[in-house]
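Report on one structure; see the data block that follows.
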Amino acid sequence: MTKILSAVAWPYANGPRHLGHVAGFGVPSDVFSRYMRMAGHDVLMVSGSDEHGTPILVLADKEGVTPQEFVDRNHAVIAKELADLGCSYDLYTRTTTANHEHVVQEMFSRCLDNGYFVVQQQLVALEPSTGRTLPDRYIEGTCPICGYEEARGDQCDNCGNQLEPSDLKNPRSKVTGATPEFTETDHYFLDLPALADALRSWLGGREASGTWRPNVIKFSLNILDDIRPRAMTRDIDWGIPLPGELAERYPGKRLYVWFDAVIGYLSASIEWARRIGDDDRWREWWNSEDARSYYFMGKDNITFHSQIWPAELLAYAGRGSKGGEPGTFGELELPTEVVSSEYLTMEGKQFSTSRNYVIGIREVLERYGPDPIRYFICAAGPENADSNFTWAEFVQRNNSELVAGWGNLVNRTGAMIAKNFGEIPEPGALEPVDEAVRAATLAAFDTVGDLLARQRVKAAVAEAMRAVGDVNKYVSDTEPFKLKGEDQRERLATVLHTLIQCVSDLNTILAPFLPHASNRVHAFIGGEGEFTPMPVVEVVSGLDEDSDRTYPVITGEYTSTPRWESRPVPVGAPIAKPTGVFAKLDESVVEEELERLQQS
């Protein structure tokens, strides 16, 4: 058993999540985590709502509420959405907690003591109408390196280079469109050049492992070519203050939202341990060389997970050119793998919250449930290349693959057993055709499992559905519906027993992709209780200074997760005629949803 940290990107609490968000981090991380639990590993899956930064201030101002009120509402919405989607977090928390603040300040203090923060002056962009600092991502302009006209103030998505707002040509505020005003101010910069050799050595080892997706390792190595100190404080009144006496010296400064957000993986792990009453349990995932950590996100966040976060970890441990010693958290392990997805578009266009060109997760869950959307993301999501969501493909995959493929196999297997025996029958001697389909289904455990362990979700679900096709073909080859004579009853029992055993095994194999459906199938084929544990939203009390505060978190009890193996179906277990596992969607759904998009 290996300790597996599943570190999932922190959704920004500026509103509900849309389909493009969860396609990149939500569903892929959950499929991986569920499989690794089934394979016998000790998984800790953590994340939370990222709640600091100027964008929150801007949006809260527009609504006439405080930033805390704004993020309180959105955090609750996001947590409910992710739980309903089936994301099996051990803890999904938030960054506006006292625990998180303490962890972030400890990280900053030790990095500072080790010499990896330097004070430098920086040109800061101000919104002319308010005088408020504009966050880097709220400034757009032309990239000075490649000429891309929609580069952001922190990086260019076209060439991948890190930028400062003052680097941009023709900069403009995304809030008002006005040209920002720039003023010089002191900030704490993370001394990335002092960590460059350590980063390069680590990334070289990751490249040699051959496990990272090519786009991620190539991008990560490329950004080392232009490495420079990066500002980690902002002039803002919403965020985590500098620790100790520095807060008094710089009362108007807060730690950069991205500095504190990536530390959330650690603070969430520590909060989880404290909540289960074993305060140091988190160390099993963070201080052990034998533990493995996988970070899931969209490609726009690669920089922060393959450079900034590893640099913070190296600086905290004193592993850069300036030396130093680890703090109270000890030497923290660097990411084993950064698992980045590409972009998902919708009907050929980019998702845009500002233009209301989105489909919210809440909408799709309420209209269609979690199974079709999880399946689409697994089968056609942006795993290694940008992909396009269309309502026509969504309906087609649901109807032809989920309903007509997997759902139909479950339904007719259950219906034939219910009609002919009323219970799982005792099989007779297996014929070669029975042995062949059993062997093919059993082989899928290894094939699908190997792909999931390497985060190849798209190929894994394709292999699982190929196995479904093999079993459907077995029904056509053996034609159990024609075995009606008394002298054929033993053969009928053998075929139907083989069928339901294959269905049981396929349900196990498909459980990471379709956990909600796996529980229904389990009940249909005579199983008792919940087959696949599901997450829950709980309202908890805060820790430390937050003790009089309550907020929702996602958590769950996953020790009953089934093992990734075949389990014999119980002969004699009663089988009733099943109802449909999945709902067929009418073709009119396509036109209705496209019309909604036009009206938005």
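Defined by atom type and a distance below 3.5 Å, a donor-acceptor pair is present between the side-chain atoms of Thr96 and Glu51. For Tyr92 and His75, the side-chain atoms include no donor-acceptor pair closer than 3.5 Å. Checked by atom type, the side-chain pair Ser566/Asp505 shows a donor-acceptor distance below 3.5 Å. A side-chain donor from one of Thr345 and Asn388 sits under 3.5 Å from a side-chain acceptor of the other. Side chains of Asn215 and Glu342: a donor on one and an acceptor on the other come within 3.5 Å. In the model, Ser341 has no side-chain atom that pairs as donor or acceptor with a side-chain atom of Glu383 under 3.5 Å.
Side-chain N or O atoms of Asp434 include one that pairs as donor or acceptor with a backbone N or O of Glu431 at under 3.5 Å. In terms of modelled atom types and a separation under 3.5 Å, the side chain of Arg17 and the main chain of Gly15 share a donor-acceptor contact. Between the side chain of Arg94 and the backbone N or O of Tyr551 there is no donor-acceptor pair closer than 3.5 Å. Under the 3.5 Å distance criterion, the side-chain polar atoms of Asp30 are matched with a main-chain donor or acceptor of Ser88. The backbone N or O of Ile270 sits nowhere less than 3.5 Å from a side-chain atom of Asn99 that would complete a donor-acceptor pair. Of the possible donor and acceptor atoms, one in the side chain of Ser209 sits under 3.5 Å from a partner among the backbone N and O of Arg206. The backbone N or O of Ser541 lies less than 3.5 Å from no partner atom in the side chain of Thr550, so there is not a single donor-acceptor pair. Judged by distance alone, the side chain of Thr2 and the main-chain N or O of Ile4 form no donor-acceptor pair under 3.5 Å. Listed for the Asn411 side chain is no donor-acceptor partner under 3.5 Å among the backbone atoms of Trp406. No side-chain donor-acceptor contact under 3.5 Å links Ser267 to the backbone of His100.
Contacts classified as salt bridge (Lys or Arg N to Asp or Glu O under 4.0 Å) and involving residues 3-15 (residues at least two apart or in different chains) are given here: Lys3-Asp42, Lys3-Glu284.
Checked against the 6.0 Å centroid threshold, Trp564 and Tyr35 count as a close aromatic pair. For an aromatic pair to be called close, the ring centres must be under 6.0 Å apart, and Trp391 with Tyr368 satisfies this. When ring centroids are compared, His305 and Tyr265 come within the 6.0 Å threshold.
Glu595 places none of its side-chain heavy atoms less than 4.5 Å from the side chain of Glu592. Taking 4.5 Å as the limit, every side-chain heavy atom of Tyr295 sits out of range of all side-chain heavy atoms of Thr336. Side-chain contact between Asn420 and Leu492 is present, with at least one heavy-atom pair separated by less than 4.5 Å. A 4.5 Å side-chain heavy-atom check between Trp309 and Leu334 finds every atom pair outside the cut-off. Taking 4.5 Å as the limit, every side-chain heavy atom of Val553 sits out of range of all side-chain heavy atoms of Val537. Side-chain contact check for Arg397 versus Phe376: some heavy-atom pair is nearer than 4.5 Å. Residues Leu594 and Glu347 are in side-chain contact: their nearest non-hydrogen atoms beyond the backbone lie under 4.5 Å apart. Side-chain atoms of His21 and Leu344, non-hydrogen and from C-beta on, never get closer than 4.5 Å to each other.
Taking a cutoff of 4.0 Å between a charged side-chain nitrogen and a carboxylate oxygen, Arg37 and Asp90 qualify as a salt bridge. With salt bridges taken as basic N to acidic carboxylate O contacts below 4.0 Å, one links Asp386 and Lys299. Between Glu593 and Arg596 a salt bridge is recorded (basic side-chain N to carboxylate O distance below 4.0 Å). Looking at Glu271 and Arg274, no side-chain N of the basic residue comes within less than 4.0 Å of a carboxylate O on the acidic one, giving no salt bridge. Between Glu337 and Arg292 there is no salt bridge, since no side-chain nitrogen of the basic residue lies less than 4.0 Å from a carboxylate oxygen of the acidic one.
Nearest approach of Arg34 to Pro535, heavy atoms of both residues: NH2-CD, 3.8 Å. Between Ser387 and Ala380, the closest heavy-atom pair is OG-O, 3.2 Å.
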Full working for side-chain contact (heavy atoms from CB on, under 4.5 Å) between Val468 and Leu409 = CA-CA 8 Å; Val468 169; Leu409 176 61; 4.2 Å; yes
Verify side-chain contact (heavy atoms from CB on, under 4.5 Å) between Ile575 and Ile500, making sure each step is shown before the conclusion.
-> CA-CA 10 Å; Ile575 300 292; Ile500 199 166; 4.0 Å; yes
Evaluate the side chain to side chain donor-acceptor pair (under 3.5 Å) criterion for residues Asn74 and Tyr12: first the C-alpha distance (whole Å), next the side-chain angles of each, then the deciding distance (0.1 Å), finally the verdict.
-> CA-CA 9 Å; Asn74 287 328; Tyr12 197 53; over 6 Å; no
Derivation and outcome, side chain to side chain donor-acceptor pair (under 3.5 Å), residues Ser29 and Ser6 = CA-CA 7 Å; Ser29 62; Ser6 185; 5.3 Å; no
Could you go through the salt bridge (charged side-chain N to carboxylate O under 4.0 Å, His left out) check for Glu435 and Arg438 one step at a time?
-> CA-CA 5 Å; Glu435 293 174 341; Arg438 287 291 297 121; over 6 Å; no
Tyr375 and Leu514: side-chain contact (heavy atoms from CB on, under 4.5 Å), yes or no, with the steps?
-> CA-CA 7 Å; Tyr375 183 75; Leu514 302 168; 4.1 Å; yes
What's the verdict on side chain to side chain donor-acceptor pair (under 3.5 Å) for Trp285 and Ser293, showing C-alpha distance, side-chain angles and the deciding distance?
-> CA-CA 8 Å; Trp285 285 266; Ser293 56; over 6 Å; no
Evaluation steps, side-chain contact (heavy atoms from CB on, under 4.5 Å), between Arg213 and Ser340 = CA-CA 8 Å; Arg213 292 176 181 174; Ser340 170; 5.7 Å; no
Going through the distances and angles, do Arg283 and Asp280 end up as a salt bridge (charged side-chain N to carboxylate O under 4.0 Å, His left out)?
-> CA-CA 6 Å; Arg283 294 185 183 277; Asp280 284 332; 3.6 Å; yes
Would you be so kind as to tabulate the donor-acceptor pairs closer than 3.5 Å made by side chains of residues 450-459, with sequence neighbours excluded?
| unit_1 | atom_1 | unit_2 | atom_2 | d |
| --- | --- | --- | --- | --- |
| Asp450 | OD2 | Arg454 | NE | 3.4 |
| Asp450 | OD2 | Arg454 | NH2 | 2.9 |
| Gln455 | NE2 | Ala453 | O | 3.1 |
| Arg456 | NH1 | Arg454 | O | 2.4 |
| Lys458 | NZ | Gly381 | O | 2.9 |

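The environment of CD in Glu591 is sparse: at most 12 heavy-atom neighbours from other residues, nucleotides or ligands sit within 6.0 Å. By the 6.0 Å contact criterion, CD on Glu289 is open, its count of non-hydrogen atoms from other residues, nucleotides or ligands being 12 or less. Annotation for Glu490: atom CD does not count as buried by contact number, only 12 or fewer foreign heavy atoms lying within 6.0 Å. Heavy atoms from other residues, nucleotides or ligands lying under 6.0 Å from CD of Glu565 number more than 12.
Ring-plane geometry between Phe351 and His18 is classed as parallel, the angle between the planes falling under 30 degrees on a 0 to 90 degree scale with a further cut at 60.
From Met465, atom CE reaches atom CG of Asn472 across 8.5 Å, with rounding to the nearest 0.5 Å.
Residues satisfying the side-chain contact (heavy atoms from CB on, under 4.5 Å) test with Gln396, not counting sequence neighbours, are Glu393, Ser400, Glu401.
In this structure, Arg374 forms no cation-pi arrangement with Phe513, as its terminal cationic atom is not both closer than 6.0 Å to the ring centre and no more than 45° off the ring axis.
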